[in-house]
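Data block below; observations after.
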Amino acid sequence: MIKAKMKHFSALLISLALLCSCTQAQVRDDDDMTLRREIGQMLVVGFRGTQVTDTSHIVRDITQYNIGGVILFEYDAPSHSRPRNITSPSQLKRLCGKLQHYGKGRLLIGIDQEGGMVSRLKVKQGFPAFASAQKTASDGIDSVRYYARLTAETLADLGINLNFAPCVDVNINPKCPVIGKLERSFSTNPATVTRCAAVWIEEQQRRGVTACLKHFPGHGSSKADTHLGIADVSDSWKPSELTPYRDLIAQGNVRMVMTTHVFNARIDSLYPATLSPSTLTTLLRDSLHFNGVIITDDLAMGAMTQQYAYDEMLMRAINAGADMLCLSNNGSDYNPDIVPQTIDIIVDLVKQGLVPAKRIHDSAARIAKLKKK
């Protein structure tokens, strides 16, 4: 009788051990899936196509990999051809509606629509003419408000809910190839930049289009273009370039800030801003008290790809404090599998202990908060 009871007890222990093992495996699987979905939310991805179907890889990325957003372009840089995503207002509105359908209403659909030479929406495609930041500011604050409102209304009607604008770089160097020469800065005066940018934020966000300030901590003094390679502003950057960020953040309406890839030894002697904890965490988070979403500038730009391997770039950007990673897929190459490959890399970095899981969770929470707005 005792032997029979012991045999029964042993069998019960084995069953409990197997059950516990299965439960732990299920927990690990659930944790891994949660991590992957949170990483997906951190990605803003570019793609080819003026329309999408169930078999489009960007649809797979939205539905299976839970990406946080997409970024639209008029020009396809890898193939040096048009169109990329945009041909006309009606076409673009259909595309955005379809993307949002697959995203179940939670997808960020972003674009660079500053006006002037940085306009993805062209007059020849049937869109309104949008003046540059410099031109609108020189014509007065009413002009700034007119074009900010026109931009916001146009984007909202199309279904675009994120504009990577306004550009709050101070025009320190009017010959800067990527800011001053393109008339992207409102002014040489930080206070004027702040006043104009505040109008842009107000006009866009009251219409459901999130504004994104760029390029932190300032690209306006550079002599080089970060699209092409490294831009060192250590000797030209001025602390006053932080003024628009400080003042606008203090007003409480800034939801998103985009980093720049410039190298600034006065803030970090080792890494460019996008990969710099001193820049994104110590300065932007701790000193300027920004609690919204930090997004990187395009990681396909030369300042990044020429200096860093892709996995190191991802690791350093996340650890620096970036919440979202801009993967334009519009640099020198086009990779339809950039999303699953990127997620696999970041999961591996977490498992190796090179990226804390808490960093991923914190970013996902900030993104969720942004999307509720």
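Just so it is clear, the model here is predicted, and its values are computed rather than measured.
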Quick one: do Glu203 and Arg149 make a salt bridge, cutoff under 4.0 Å?
yes
If a pair satisfies salt bridge (charged side-chain N to carboxylate O under 4.0 Å, His left out) and one of its residues is in residues 235-258, list it, with sequence neighbours excluded.
none
With heavy-atom distances below 4.5 Å as the criterion, would you say the side chains of Cys167 and His219 are in contact?
no
Worked check of side chain to side chain contact (heavy atoms under 4.5 Å, CB included) between Leu299 and Leu314
CA-CA 9 Å; Leu299 294 181; Leu314 295 172; 4.1 Å; yes
Give a yes or no answer on whether the side chain of Tyr245 reaches the backbone of Phe216 with a donor-acceptor pair at less than 3.5 Å.
yes
What salt bridge (charged side-chain N to carboxylate O under 4.0 Å, His left out) pairs are there with at least one residue in residues 357-372, not counting sequence neighbours?
Asp323-Arg366, Lys358-Asp362
Evaluate side-chain hydrogen bond (donor to acceptor under 3.5 Å, both in side chains) for Asn335 paired with Gln341, printing each intermediate quantity in order.
CA-CA 10 Å; Asn335 179 6; Gln341 289 173 6; 2.9 Å; yes
Output yes when a side-chain donor or acceptor of Ser56 lies under 3.5 Å from a complementary backbone atom of Val59, and no otherwise.
no
With no hydrogens and no angle check, is any side-chain donor or acceptor of Thr274 less than 3.5 Å from a backbone partner on Thr296?
no
Considering only heavy atoms from C-beta outward, does the side chain of Arg120 approach that of Leu72 to under 4.5 Å?
no
With distance as the sole test, does Gln306 use its side chain to make a donor-acceptor pair with the main-chain N or O of Leu228 at under 3.5 Å?
yes
Will you find, in the side chains of Tyr271 and Ser278, an N or O donor that is under 3.5 Å from an N or O acceptor?
no
Between Asn66 (side chain only) and Gln41 (backbone N and O only), is there a donor and an acceptor less than 3.5 Å apart?
no
Can you tell if the side chain of Pro356 reaches within under 4.5 Å of the side chain of Asn319, non-hydrogen atoms only?
yes
For residues 152-159, which side-chain N or O atoms pair as donor and acceptor with protein atoms under 3.5 Å away, sequence neighbours left out?
{"residue": "Thr154", "atom": "OG1", "partner": "Leu150", "partner atom": "O", "Å": "2.7"}
{"residue": "Asp157", "atom": "OD1", "partner": "Lys93", "partner atom": "NZ", "Å": "3.3"}

Tell me whether Ser363 contacts the main-chain N or O of Ile360 through its side chain, where contact means a donor paired with an acceptor under 3.5 Å.
no
Assess the side chains of Ser234 and Asp232: does a donor N or O sit below 3.5 Å from an acceptor N or O?
yes
Do Val262 and Met304 land in one hydrophobic cluster if side-chain heavy atoms of ILVMFWY residues count as linked below 4.5 Å?
no
Let me check something: do Met258 and Ile179 share a hydrophobic cluster, defined by ILVMFWY side-chain heavy atoms less than 4.5 Å apart, either directly or through other members?
no
Within the side chain of Asp61, is there an N or O that forms a donor-acceptor pair under 3.5 Å with the backbone of Ile67?
no
Would you call Ser236 and Asn173 a side-chain contact if the rule is heavy atoms closer than 4.5 Å?
no
Polar side-chain atom of Trp237 near backbone of Pro217 as donor-acceptor pair, under 3.5 Å:
yes
Scan for salt bridge (charged side-chain N to carboxylate O under 4.0 Å, His left out) pairs involving residues 293-320, sequence neighbours excluded, and state none if there are none.
Glu312-Arg316
Within the structure provided, determine whether Arg60 and Pro340 are in side-chain contact (heavy-atom separation under 4.5 Å).
yes
Would you confirm whether Gln251, through its side chain, and Ala198, through its main-chain N or O, come within 3.5 Å as a donor-acceptor pair?
no
Side chains of Leu121 and Glu74 in contact at under 4.5 Å (non-hydrogen atoms):
no
Which pairs, with at least one residue in residues 95-108 and sequence neighbours excluded, count as a side chain to side chain donor-acceptor pair (under 3.5 Å)?
Asp54-Tyr102
Please output the side-chain donor-acceptor pairs of residues 45-52 that fall under 3.5 Å, not counting sequence neighbours, one pair per line with the distance.
{"residue": "Arg48", "atom": "NE", "partner": "Asp76", "partner atom": "OD1", "Å": "3.0"}
{"residue": "Arg48", "atom": "NE", "partner": "Asp76", "partner atom": "OD2", "Å": "3.2"}
{"residue": "Arg48", "atom": "NH2", "partner": "Asp76", "partner atom": "OD2", "Å": "3.0"}

